[in-house]
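Lettering of chains follows the sequences in order, A, B, ..., and the numbering in each one begins at 1.
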Amino acid sequence: MRTVFLGTPEFAVAPLARLCSLSLTEVVAVVTNLDKPAGRKMILTPPPVKIFAQSKGIPVYQYKSIRKEGVEDMRKLRPDLMITCAFGQILSEEILDIPPLGVYNIHGSLLPKYRGASPVQHAVLCGDKVTGITIMKTDVGVDTGDILFSESIGIGDDETSGDVFAKLSALGADCIEKAVRLIAAGNVSLTPQDDSAATHTGMISKADAFIDFTDGAELIVNKVRAFNPSPVAFTLLSGQPFKIYRALKAEGKGACGEIISVDGGITVACKDGAVRLLSVQKAGGKVMDGAEFLRGNKIPAGTVLGK
RNA sequence: CGCGGGGUAGAGCAGUUUGGUAGCUCGUCGGGCUCAUAACCCGGAGGUCAGGAGGUUCAAAUCCCCUCCCCGCAA
């Protein structure tokens, strides 16, 4: 099957790699977002999917808007099948109609839960114990298409979004292989989503990652997990950004945001107890564990975070 | 040239303003105490202070110049 893959970030690389390794699918082109300026020097950086595709010698197409600029290119490719995975753009009817076998999407949640841009982060943020991959037919809505199947996976108590992303990316590869075999065999049975059970997730912003110590310990720990590796939960220490990479619930009482213990680690009081900061970073500094940080930064107990 | 912090012992930092014997916490090694210990006490090792046979000076971690690297913000 002539297959066109549309995806952008690291998450999409494993599924793409799987499709490339199958004899069933011939990946004739990869579509991805434009290279973006990144980092302090604003160096133009190609998306991970592009880097992978080029290493395999697969033609890469990049559009600001595939709907406006890419329709003719897609038609010329004469794909039998198109696969989307964290592509970052919404396809038009015009494009969806091109491949005779249809367009399928790899989504990082158990739909209809967590439609949208940040399903993985929200699953972690909400403290879910289970999430998964859904393979669904792509339609003009945002993750609203009919479901081919889904597979679930557990979320460990101490796992971050980064950890879950890695697991789901691998699962996504397995799922898309399975899906492609079903499609090739003509064995496709779709189930519409229950829209009444749907939840939607938007883009994660830096402001979402600000820790409010008047929240409960569990929510704070979940925020820390959900926003690692990006954008990373943070608070303020003496008015400067103070990032928190890892934290655990702990025993203790005190005013919200107050550091109540600096004995071998940093323990901060919150609404219903305390959290222990296991991995932190101050502005301009490196990431280090709590005890290490305290060795060189004399933080008196009683210091209040968040201002 | 987007803004800013930083590079000093294995780790994290102070010392730089006001040049003048290289310091702190931890780790490490040795010894002691203890039923015992990640606890406590005593002692030791470990640093060409990012680099430049640079500049100034009697004297530079510190002041001036150049280069490299790390990080926060912004995007």
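- Distance check on atom P: U57(B) versus C64(B) gives 16 Å, rounded to whole Å.
- Close to G72(B), at under 4.0 Å from its OP1 or OP2, lies a side-chain N or O of Lys243(A).
- Every pair passing salt bridge (Lys or Arg N to Asp or Glu O under 4.0 Å) that includes a residue from residues 41-60 of chain A is listed here, sequence neighbours excluded: Asp35(A)-Lys50(A).
- With a cut-off of 3.5 Å on both Watson-Crick or G-U wobble distances, the partner of G4(B) is given as C71(B).
- The side chain of Lys206(A) places an N or O atom within less than 4.0 Å of a non-bridging phosphate oxygen (OP1 or OP2) of C73(B).
- Not counting sequence neighbours, Ser55(A) has no partner by the side-chain hydrogen bond (donor to acceptor under 3.5 Å, both in side chains) test.
- Between C3(B) and A39(B), the two C1' atoms lie 48 Å apart (nearest whole Å).
- Using N1 to N3 plus N6-O4 or O6-N4 for Watson-Crick, or N1-O2 and O6-N3 for G-U wobble, each under 3.5 Å, U18(B) pairs with nothing.
- With P as the reference atom, A74(B) and U28(B) are 40 Å apart, rounded to whole Å.
- Of the listed nucleotides (A75(B), G72(B), A11(B)), A75(B) has the atom at the smallest distance from the side chain of Met42(A).
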For Asp157(A) and Arg225(A), run salt bridge (Lys or Arg N to Asp or Glu O under 4.0 Å): C-alpha distance rounded to whole Å, both residues' side-chain angles, the deciding distance at 0.1 Å, then the answer. CA-CA 9 Å; Asp157(A) 289 339; Arg225(A) 295 196 296 136; 5.9 Å; no

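- Residue pairs meeting the ring-ring contact (aromatic ring centres under 6.0 Å, His included) criterion with at least one member in residues 164-197 of chain A, sequence neighbours excluded, are Phe11(A)-Phe165(A).
- Residue Met288(A) is classed as a sugar-phosphate contact, given heavy-atom separations below 4.0 Å to backbone atoms only.
- Of the P atoms belonging to G23(B) and G15(B), the separation is 15 Å, rounded to the nearest Å.
- What separates CG of Asn297(A) from C1' of C24(B) is a distance of 13 Å, to the nearest Å.
- Across the protein-nucleic acid pair, Asp263(A) atom CG and A39(B) atom P stand 11 Å apart, rounded to whole Å.
- When heavy atoms are screened at a 4.0 angstrom cut-off, Gly264(A) is found touching no nucleic acid atom at all.
- For the side-chain hydrogen bond (donor to acceptor under 3.5 Å, both in side chains) test, residues two or more places apart in sequence or in another chain that qualify with Lys282(A) are Asn297(A).
- Taking 4.0 angstrom as the limit, Gln281(A) places a side-chain polar atom (N or O) nearer than this to OP1 or OP2 of G72(B).
- Nearer to the 5' terminus of RNA chain B, by closest-nucleotide assignment, is the contact made by Leu294(A) (compared with the other of Lys298(A) and Leu294(A)).
- Rounded to an integer number of Å, the gap from Asp289(A) CG to G12(B) C1' is 10 Å.
- When each of Asp195(A), Asp143(A), Asp194(A), Asp139(A) is checked for a salt bridge (charged side-chain N to carboxylate O under 4.0 Å, His left out) with Arg115(A), only Asp195(A) meets the rule.
- Straight-line distance from the CD1 atom of Ile299(A) to the P atom of A14(B): 11 Å, rounded to whole Å.
- In this entry the distance linking CZ of Arg295(A) with C1' of G10(B) reads 11 Å, nearest Å.
- Nucleotides C24(B) and A9(B) place their P atoms 14 Å apart, quoted to the nearest Å.
- Applying the ring-ring contact (aromatic ring centres under 6.0 Å, His included) test to every pair with at least one member in residues 68-95 of chain A, sequence neighbours left out, gives no pairs at all.
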Contact list (N/O, under 3.5 angstrom) for nucleotides 4-7 of chain B vs protein:
{"residue": "G5(B)", "atom": "N2", "partner": "Gly284(A)", "partner atom": "O", "Å": "3.1"}

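- Across the P atoms, G12(B) and G31(B) are found 29 Å apart, a figure rounded to whole Å.
- In this structure, Asp289(A) does not pair ionically with Arg246(A), as no charged nitrogen and carboxylate oxygen lie closer than 4.0 Å.
- Distance CD (Glu292(A)) to C1' (G12(B)): 6 Å, rounded to an integer number of Å.
- For the pair Leu237(A) CG and G12(B) P, the interatomic distance rounds to 18 Å; values are reported in whole Å.
- To the nearest whole angstrom, the two P atoms, one in G46(B) and one in C35(B), are 36 Å apart.
- The partner of A59(B), taking Watson-Crick or G-U wobble pairs whose two distances both stay under 3.5 Å, does not exist in any strand shown.
- Judged by Watson-Crick or G-U wobble contacts below 3.5 Å, the nucleotide G27(B) has no partner.
- For the pair Phe293(A) CZ and C13(B) P, the computed distance is 8 Å after rounding to whole Å.
- Distance check on atom P: G43(B) versus G6(B) gives 35 Å, rounded to whole Å.
- Salt-bridge annotation for Lys76(A) and Glu72(A): absent, with no side-chain N of the basic residue lying under 4.0 Å from a carboxylate O of the acidic one.
- Of all nucleotides present, none satisfies the Watson-Crick or G-U wobble test against A53(B) with each distance under 3.5 Å.
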